[in-house]
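Reading through the structure tokens given below for one structure.
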Amino acid sequence: DAGVTQTPRHEVAEKGQTIILKCEPVSGHNDLFWYRQTKIQGLELLSYFRSKSLMEDGGAFKDRFKAEMLNSSFSTLKIQPTEPKDSAVYLCASSLGGGNYAEQFFGPGTRLTVL
Amino acid sequence: GDSVTQTEGQVTVSESKSLIINCTYSATSIAYPNLFWYVRYPGEGLQLLLKVITAGQKGSSRGFEATYNKETTSFHLQKASVQESDSAVYYCARKGRGNYKPTFGKGTSLVVHP
């Protein structure tokens with residue numbers, strides 16, 4: 001069974017550009033998460049979907065970050081416009097949701113560099 | 001709100017020595033959360049190391065252990081004898097039972113010297 005897939009693995013953008021990151025969760029998983037990972041802040045939640053419905057949009061990240069889940073097997077994260085401080089690794093994760101054993105399965109991440 | 005606090009920054013240990021990475025969680029909204037340790041090895045994605053869902057129980061994997069202590073709201077990660085291959089970033093996480101999103105600590109970078 002395939003794990004979480006993320007594309008692209010690396011992205012370089014100029015300041016002010018729009019970039020779109022893609023994620024395919026594990027088949028059958030109901031919850032999908034987008035995180036930003038940095039050494040200083042660790043994992044910061046950007047968006048959280050449950051059964052395709054947006055449950056949390058990450059507060060401080062709302063203005064330039066927009067995640068969508070068009071169907072149960074595909075999600076995108078748009079950053080518009082990008083800023084140098086957005087340089088980080090962006091992780092997508094999915095889980096079955098609810099229950100006692102709902103561990104998260106993470107994708108390999110997209111490393112974004114904004115010049 | 002919900003929070004997870006773990007040993008910050010980098011921990012450096014010599015090979016074959018013992019290790020403990022501290023993790024404590026708040027118990028404000030969820031009395032008995034599920035607790036997890038995730039690990040990211042160099043060049044790899046974040047993956048589950050171990051999990052415990054019952055207070056008082058111990059989880060173990062790859063020589064690591066963590067005990068769910070509800071009295072002290074802790075879930076410290078321990079290993080008796082570390083190896084160079086254990087060098088990685090470790091994240092402690094909690095998740096309420098039911099449909100709640102998990103809360104992660106900020107991560108601890110472990111460097112094991114030969």
Within 6.0 angstrom of A:L115 CG, more than 12 heavy atoms from elsewhere
yes
For the CG atom of A:L43 and the CZ atom of B:R40, what is their distance to the nearest 0.5 Å?
8.5 Å
Honestly, the part of B:L46 sitting under 4.5 Å from a heavy atom of chain A is both
Those residues of residues 103-114 of chain B that come under 4.5 Å of chain A on a heavy-atom basis, listed by number, are B:F104, B:K106
Please determine whether side chain to side chain contact (heavy atoms under 4.5 Å, CB included) holds for the pair B:E44 and A:F106, giving the CA-CA distance in whole Å, both sets of side-chain angles, and the decisive distance to 0.1 Å.
CA-CA 10 Å; B:E44 298 184 20; A:F106 286 84; over 6 Å; no
How long is the gap from CD on A:Q104 to NZ on B:K51, to the nearest 0.5 Å?
12.0 Å
Co-membership, hydrophobic cluster, residues A:F33 and A:F74, 4.5 Å side-chain
no
Under a 4.5 Å heavy-atom cut-off, does chain B meet the side chain of A:L45, its backbone, both or neither?
side chain
Hydrophobic clusters here meaning ILVMFWY residues chained together by side-chain heavy-atom distances under 4.5 Å, can you tell me if B:Y41 and B:W37 are in one?
yes
Less than 4.5 Å to any heavy atom of chain B: does that hold for the side chain of A:Y35, its backbone, both, or neither?
side chain
Minimal non-hydrogen separation, A:Q37 against B:Y91, with atom names
NE2-OH, 3.0 Å
Going by the side-chain hydrogen bond (donor to acceptor under 3.5 Å, both in side chains) test, which pairs reach into residues 69-80 of chain A, not counting sequence neighbours?
A:T18-A:Q80, A:W34-A:S75, A:N71-A:S73
Out of curiosity, B:I53 CD1 to A:E103 CD, how far, rounded to the nearest 0.5 Å?
11.5 Å
Is it possible for you to say whether A:L54 and A:L77 belong to one hydrophobic cluster, with membership spreading through side-chain heavy-atom contacts below 4.5 Å?
yes
